[in-house]
Each structure stands twice: as C-alpha cells, then as structure tokens.
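Encoded as structure tokens, the structure appears first; notes follow it.
Below, chains carry the letters A, B, ... as their sequence lines are ordered, and counting in each starts from 1.
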2 protein chains.
Amino acid sequence: MAATIRDVARRAGVGLGTVSRVLNNSPLVSPVTRERVLDAIAELRYSPSQIARSFSSGKTLTVSVIAPFFTRPSVVERLRGIESALHASGYSLVVFNVETAARRDACLHDVSRHDRSDGVLIISLTPREDEIMLLREAGTPVGLIDTEAEGMYGVRIDDVYGGELAVRHLLDLGHRRIGFVGDSEAEVQDFNFTSSRHRQIGYLKALDALAITPPPEYQRYGVHGRYEARLLARELLQLAEPPTAIFAASDTQAMGVLEAARDQQLRVPDDLSVVGFDDIDVAEYLGLTTVYQPLFASGKRGVEILLCLIAGDLPEPPSEVLPIKLVARGTTAPPA
Amino acid sequence: MAATIRDVARRAGVGLGTVSRVLNNSPLVSPVTRERVLDAIAELRYSPSQIARSFSSGKTLTVSVIAPFFTRPSVVERLRGIESALHASGYSLVVFNVETAARRDACLHDVSRHDRSDGVLIISLTPREDEIMLLREAGTPVGLIDTEAEGMYGVRIDDVYGGELAVRHLLDLGHRRIGFVGDSEAEVQDFNFTSSRHRQIGYLKALDALAITPPPEYQRYGVHGRYEARLLARELLQLAEPPTAIFAASDTQAMGVLEAARDQQLRVPDDLSVVGFDDIDVAEYLGLTTVYQPLFASGKRGVEILLCLIAGDLPEPPSEVLPIKLVARGTTAPPA
DNA sequence: TGCTACTATGGAACCAGTTCCAAGATTACG
DNA sequence: CGTAATCTTGGAACTGGTTCCATAGTAGCA
C-alpha cells in the first residue's frame, strides 16, 4: 500500500542505508544524493512509519503521564504545561486518568514496562517502595510532579510551608480560632496523596509558633471536592465555639467552605475568613485568598527533568522546589 | 536483555507459533502445552513487547484525540468521558492540545497519517473539505465530538435549539431586551468552531418567533473567556438602553457577564438576568441558569462510535444528536 | 483397517525501519 | 605516483512479534 523505505531506495537508485541516512539528517550523504532521495520521497508521497521506527530504534517518542483525577483544575493546568513542553520537543503524550486505588496500582504497573513510552510523568501520586523498585528495574525514566520519593527526580512545592503561609496570614489578621478542611484518610491512603497532609502540618506549625493547639474537632477530613468540604465546614460552623477562619487544603474545598458560610447566612470575610490553596483560575473570580503555586510551570519543568533523564543525564537537584506565595484577596479580614 | 518470544519457546520446548497462540488466547493449543508455555512465561518474567506487536499486527491499540483548549471545563469533561470509555476497551489515549490555528492544522495533518493510532477523535473542530479528503484517503477512522461534517461520523448536540431554549426561557420570564455574548469572528474562523454561532442563530430564532429583531449592538463577540466576556458585557450594560437579560454562549462567558454586572452594581437576577451554556461544574456553585449538555456522555459515545468504525462497522445514524435541557437556577428572573 | 477430517504444532516469511560493517571512490600528501 | 585517510555508499542482519502453510498426530466412521 503505502511506500516503504525500499521503494524510495529503488526509485532514487540508491541503497537502503542512504535513504535512512537522509531521513535522519545524517551528514554522511552527498548533497546530490540527498536531493535525489528527497525527490523520490516527494514523488512517492512517502512518509516513514513511526511504528517501524520505534520498533527498530527502541524509541517511541512518547511520554506517559499518570494523572489522578485529571478533571481537577489544578491537574488540568499541570497537564497543559506538560503538553506544551512535550509538544515543543516532538513527543506525544499518553494520558492515564486515575480515579480509584486499583487503577492507580494498575497504571503504575503497566507503565513500568517501559515499552510503549520512553518515560513516565507521575502527578501527585507517590510511588511506594515496591513500585520504585519495579520502575528502577525496568529502567523506565520517571519524573515526579507535585511529590517526591527516595532516589527519584522531580519537581514539587513545599506544602508544609504553604500551609504555614496561609495560616500565618490568618494569624496576622488576628484570628486565633482557625479550622482546617482537608482530604479524607481514605484518599491519602489509597492514592498516597501527601499534599493535604503536609499543608495541615504547616497549619499546625504556624499555630504552634503562637502556642496555639487547635482542638481535634477543628480539623475535618472528607473526600476531596466541593460537596464534602461544604458538609465539613457546616460541621465546623455549628460547633459551640466555631472557628472565625477556615483554611481549606485546596481552592475547590475552599469553595465548599464558602457555600457552607452562605448556607449559614455568614458573611465572608466579615463573619468568616477563608483561605484556599492552589490559586486555580476560578479563585480570582471568587476573590478567594489562597496560596499560589506554579501549576503550569510544574508541568513544564517536569517534562524538562524527564527529557533530561531520557537523555541519560541526572538533573540536579533531584527534587526541585518551586516558589509559592500567598495571594490575599477578599475572603480574609480581621475577625469581628 | 528482556526475554523474547523465542526465549519462551525454547524454554517451553515448543515452537514460536505456539507461544504466540497462547499469548493471543487461540483455542488451537492443547491444555498441557498451554500450561507449559505459561510456566515458561512466568519463569522468564516475560512480557510481550507492545511495539513489536503493533509493528507486526498493524494495530496500535491507541486513539488520538485532538482537543482545542483542553483546559476549558467543558473540554475536560468530554476528555474524561473519552478516557473512561477508552480505558475500558484497553486503548491508550494520546492527547493533542490545540490553542492556535497553526497547531490545529498541523494536528489534523499529523494525525491523518494513520500510523501511531488506530483512530482519531476530534472535539469541537470541524475538518475542512481538504482535511476530510486527507483523512479519508489515509483511511483513518475518525469520530467527531461536538461537531459534524459531510460524510463523517460523530456525536453532537443541537446548538441552535440550545440557544432557543435559553432565550425562550428569558422571553417567558418577560424579557424583551436580550443581549448576546459569543466567540470572536477570529476564533470561529481560525478553529472553525461552530457552536457559538449556532447558539446565536437559536437566539435570533427565538426572538424572531416573537417578531423581535435585536439591534446589532446587542450582539457582541470576543475571544472566548471570562475576561473578554466581562468587557463585552460592560459595553452592553453601558448602552443608552441596556438589555435586561444576557445570553452568553458558554458558562465561562456567563461568568464574565456576572462580573460585569457586579462591576456596575447590578443585582442578578433583579436588575439583570444571565443565562449560560454547558452546565459546567461551577455553574451549579454559582447558581447559574444554563443549558445542560451531556459532556461526559459525548466523550463516551464518541469513543463507542470510533471503536465501531475501527471494527469496520458503520454507526447509524452518522451524526448522533444528544438531548439537552434548560436548567433554571438563580440568575434569571422577570425583569424589574 | 483404511480413509477422511480435524486438531495441534513448528517455523519460515514478513512487517519497515536502524545499525553497522565492508568496500568503493575520492582526496591529501610525501 | 603510491599509499593512507576520509568520504560515500550498499545492503545484510537485526528488532520481536503475527500469520500462515506444511505436517504430524488423532479421532471418527464405514
């Protein structure tokens, strides 16, 4: 059907190797011959088979990315960074969406086969000991985004510090009763998500610096999302002594908190201050005070690190930390 | 390095073909032999090379999807439907994000090579005459999502009817001065997006049924997004005789309209009614009246159609139309 | 028992590139 | 002019599966 490299060779009256050399821009071809080959390629409307190429060269020019809940705005933005950097390098992007623990394990396992892609990017999921072994054995280059693991390379932020930033802002405004809304134990377990937990540690650290120990009932956990966060915040606000401010582990959860405040006829920020995390697109719209993290850049940088590994170099430092900052908007104010 | 099918054959003391038959669950293998081969596979920790498999069989078990602006919430939701259906069928998903006209053309061209993937899904972009030819010549199966084209298969909604639904709702409430905010001419041209235009036709049709002809200045166009929509809505609201209701071609644009209303100290829905389109996740949060369309289902159905084409069947009807409905929430009310 | 029909099996040929070695052509230089 | 070094070139071998044909084995049946 379609022309092959041999057809081109015959047509141009040259050898197989010569056509291959032309295709790969080898300098070992005389200008005259190159021209002749290019003519033959044009005449036959020849286009080399990518699969055959991958097969014989062992390179697929493809990168897999494992993204948990890839509809979450923060993940989407990272993906956009990944896609843009990858495309610029001529790589294709294969996406795996992980929404269950089983799928998480299956994906990590599949991808370690180092067969269909030249490398793997893992977003937010922290590989376990045995999975790290598997990936290393298979020799699959891996870049981690938004997480870190022993002996692996990647890019992340300091979530503990981010939590501190958020809560210090509330403390500076004069708040002392500060609640926390974060991911459920189950999610942390199932997916090995760490950011909510780390942000909470920052929350505790900031409070501890002022010798404040928040009561356990001020810290609530639920399945990630607006809906659950709304319920958790409602519980917080119905306490005998409710918090005057709530730090949510993500902007999405902060939106749930805002809904709960609305439900209780509380004005934000007059009656309740709210801080989120991530600075997703809609945060600006809502005037939500939050902690900004460079989502797009994390994807881009993750790709750079991975391509580095694929090329055989070792990036330095292994785990790069991107800067974050507090963005004060309209959902925080001094307590009444 | 890694074991090959020949190693397995040698180890199991059988022929090449037999191992291949075991791998492909051919019934033409005796239970005893099958067992022996499976043992050898386990002992050698053999796992067949996907690339070699694709190469020799011609199937890649991969589908490409071309998604314009894949961070837009509506696109993300479609992608989620695609990923879920594709994964259930054992296919991998290669994503191309299109954000410029040049990239649009390049992607459509690349993908038509029918080499790296068994089929292509195209979201919202309508292939042009020559592109259809190219795809047909290459024999690449194509599924269209959110658009249609002569002789091609896919799934979509009736955008004209959607626009009618939205505007009829406003008319029923008593509005007569109704503005429209949609995509810019440039976008429609560059990407061959059709939905904004079709929704506007629905808008005109609904008004026409009541013999209303909206003045040209009531219809504004700008680059898709919250920011531009806000500016356009501001212009509308500053007219000598401003509209009492605005229909935005998407929820994202409706959010811009809401911002503009806020800027002008207008209360929604008392002073201004707003209707969006798509019913993205955040619409519910905002209490936005909008037109619901099955985004997730469109992705899923698109995959089903594509797999059908890959299998060599022709789906009926060629262009399937999914149901939509108006979701009345808090941003619409009778005019003051 | 002999013939047929079907099952089970082995392995060559094939897919379309890349890689690398051998060899011919050309140039450089003493 | 002869020899070495360098530049070009051709094509066999290789990548790891699938496919299909030939053949051996076996059961069914008259």
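- Ion pairing between Arg80(B) and Glu99(A) holds under the 4.0 Å rule for side-chain N and carboxylate O.
- Between the side chains of Thr126(A) and Thr147(A), a donor-acceptor pair is found at a separation under 3.5 Å.
- Within the 4.0 Å cut-off from OP1 or OP2 of dG17(C), not a single side-chain nitrogen or oxygen of Ser49(A) is found.
- Classification of Glu320(A) and Arg156(A) as a salt-bridged pair fails, no side-chain N sitting under 4.0 Å from a carboxylate O.
- With rounding to whole Å, Phe55(B) atom CZ is found 13 Å from dC14(C) atom P.
- Summarising the geometry, the separation between OH on Tyr46(A) and C1' on dA16(C) is reported as 7 Å, rounded to the nearest angstrom.
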Evaluation steps, salt bridge (charged side-chain N to carboxylate O under 4.0 Å, His left out), between Arg10(A) and Asp7(A): CA-CA 5 Å; Arg10(A) 204 174 315 126; Asp7(A) 298 326; 3.7 Å; yes

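- Of all heavy-atom pairs between Ser124(B) and Phe193(B), the closest is O-CD2, 3.5 Å.
- The shortest non-hydrogen separation linking Leu135(B) to Ser112(B) is CD2-CB, 3.6 Å.
- The CG atom of Leu61(A) sits 15 Å away from the P atom of dG17(C) (whole-angstrom rounding).
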Nucleic acid footprint by protein, nucleotides 18-23 of chain C - heavy-atom cut-off 4.0 Å, B for base, S for sugar-phosphate alone: BBB---

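- Rounding to whole angstrom units, CD1 of residue Ile51(A) and C1' of dG17(D) are separated by 12 Å.
- Within residues 26-45 of chain B, the residues having any heavy atom under 4.0 Å from DNA chain C are, by residue number, Pro27(B), Leu28(B), Val29(B), Ser30(B), Thr33(B).
- For the pair Glu131(A) (side chain) and Arg128(A) (backbone), a donor-acceptor distance under 3.5 Å is present.
- Here the closest heavy-atom approach between residue Ser26(B) and residue Arg34(B) is recorded as O-NH2, 2.9 Å.
- Between the CZ atom of Arg10(A) and the C1' atom of dG10(D) there is a distance of 15 Å, rounded to whole Å.
- The residues Arg78(A) and Asp146(A) are annotated as salt-bridged, a charged nitrogen and a carboxylate oxygen being separated by less than 4.0 angstrom.
- Side chain to side chain, Ser117(A) and Thr62(A) fail the donor-acceptor criterion of an N or O pair below 3.5 Å.
- Salt bridge Glu83(A)/Arg103(B): present, at least one basic N to carboxylate O contact under 4.0 Å.
- The overall bend of the helix from dT1(C)-dA30(D) to dG30(C)-dC1(D), read as the angle between its terminal helix axes built from five base pairs each, is 40° when rounded to 10 degrees.
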